[in-house]
Amino acid sequence: MAKKQSTAIRESNARKIFRVVNGLFLALVCIVVVIPIWNVVVTSFAQDKDVMGGVYLLIPKSFTLKNYLKIFNSGYMRGFYNSMFIAVAGTAIAMMITVPLGYALAQKKLMGRKIIMRLISITLVFDAGIMPFYILIKTLGLIDSRWSLILPFAVSSFNLIIVKNFMTSIPESLIEAAELDGCNDLMTLVKVVIPLSVPILSAVTLFYFVSFWNRYTEAVMFINNSAKYTLQVMLRALVFQSDGSLGEGNIVYDNMKMAVMVLGMLPVLVIYPFVQKYFVSGLMLGGVKE
């Protein structure tokens, strides 16, 4: 009995030590992640004199909205609107395709279901490459169109699979009950499946939005008209050039660059709190294999 108690005490002490070490490690990770974001925000509100010489600000020395006023009156807002259009339209189209397709693939009675899933899974491993992709976009006449950043990415194999896995876990008795009540497949999807799938759909919506919002490489490849540039393309040009699209002929200091970065982070920061409570549970349930 004494030996068992001693073992339990040692295990308890080891668990306490693990929790302390784990807590310190996670705190360090949080600090490493938060400090750069804090620096971006603080610098974005700083005056020009406080950021000269590449000073790394962690403690605010001044506060001004001048940088944001410059952004609102510059070409960067056009890039913001372009990115927002691509993100919102792309996410809406992607969800309208992913949800019914995931529901269809979750039905065990679907003919050729396993073959279709294998074909979808192959796209996670193999890629046709950049040149065939560019030739396809050019053949479709989407060069220099914002739709070239939306339509080719309307379905993500990864998002489709986790939606399908989640919907597979929904009890068949609920689907059968809806059918007995006279619901067809569309009504069952809208009235039964979608309300039960809010956690995974929230997570996937965020995935799609972030993916479309951060679209950069394809924007450089397919967009030639500067009026259609996304905010990410304009931000990169601003970071590596002293003069942006302000048309003032002045050097753009770090505070201006950081203000544009805050503008680039803003939509995701606004959306995430509303879906955070569904995010982890949705991914855990959607990641369960059938």
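Everything numeric here is computed off the predicted structure, so don't read it as measured data.
A distance-only check finds a donor-acceptor pair linking the side chain of Trp213 to the backbone of Gly264 [under 3.5 Å]. Using modelled atom types, no side-chain atom of Asn22 and backbone atom of Phe18 make a donor-acceptor pair closer than 3.5 Å. Remark: the backbone N or O of Thr43 is not paired with any side-chain donor or acceptor of Asn255 at under 3.5 angstrom. The main-chain N or O of Tyr208 is never found under 3.5 Å from a side-chain atom of Ser211 such that the two would form a donor-acceptor pair. Looking only at distances, a side-chain donor or acceptor of Ser148 sits under 3.5 Å from a matching main-chain atom of Ser145. A distance-only check finds a donor-acceptor pair linking the side chain of Lys228 to the backbone of Asp144 [under 3.5 Å].
When hydrophobic clusters are built by joining Ile, Leu, Val, Met, Phe, Trp and Tyr residues whose side-chain heavy atoms come closer than 4.5 Å, directly or via intermediates, Leu231 is grouped together with Met77. Residues Val220 and Ile223 share a single hydrophobic cluster, defined by chaining ILVMFWY side chains whose heavy atoms lie under 4.5 Å apart. Residues Phe209 and Leu269 are members of one and the same hydrophobic cluster, defined by side-chain heavy-atom contacts under 4.5 angstrom among Ile, Leu, Val, Met, Phe, Trp and Tyr. Put simply, Met96 and Ile86 are part of the same group of oily side chains (I, L, V, M, F, W, Y) that touch within less than 4.5 Å, one to the next.
Two rings, from Tyr229 and Tyr76, have their centers 6.0 Å or more apart.
Between Lys16 and Arg19, the closest side-chain pair of non-hydrogen atoms is not below 4.5 Å.
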Trace of the side-chain contact (heavy atoms from CB on, under 4.5 Å) decision for Val155 with Ile120:
CA-CA 10 Å; Val155 178; Ile120 293 174; over 6 Å; no
Check the pair Thr230 / Val233 against side-chain contact (heavy atoms from CB on, under 4.5 Å), numbers first and verdict last.
CA-CA 5 Å; Thr230 62; Val233 175; 3.4 Å; yes
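Ring planes of Tyr68 and Phe72: tilted class, angle from 30 to 60°. Between Phe85 and Trp147, the ring-plane angle classifies as perpendicular under the 30° and 60° cut-offs.
Inspection of the Tyr103 and Thr188 side chains reveals no N or O donor paired with an N or O acceptor under 3.5 Å. Residues Ser83 and Gln232 have side chains that bring a donor and an acceptor to within less than 3.5 angstrom of each other.
Between Ser197 and the choices Val204, Ile170, Val192, Val163, the side chain to side chain contact (heavy atoms under 4.5 Å, CB included) rule is met once, by Ile170.
Rounding to the nearest 0.5 angstrom, the gap separating the CG atom in Leu189 from the CD1 atom in Ile194 is 4.0 Å.
A cation-pi arrangement is found for Arg215 relative to Phe212, the charged atom lying closer than 6.0 Å to the ring centre and inside a 45° cone about the ring normal. Relative to the ring axis of Tyr216, Arg236 does not place its NZ or CZ within 45° and under 6.0 Å from the centre.
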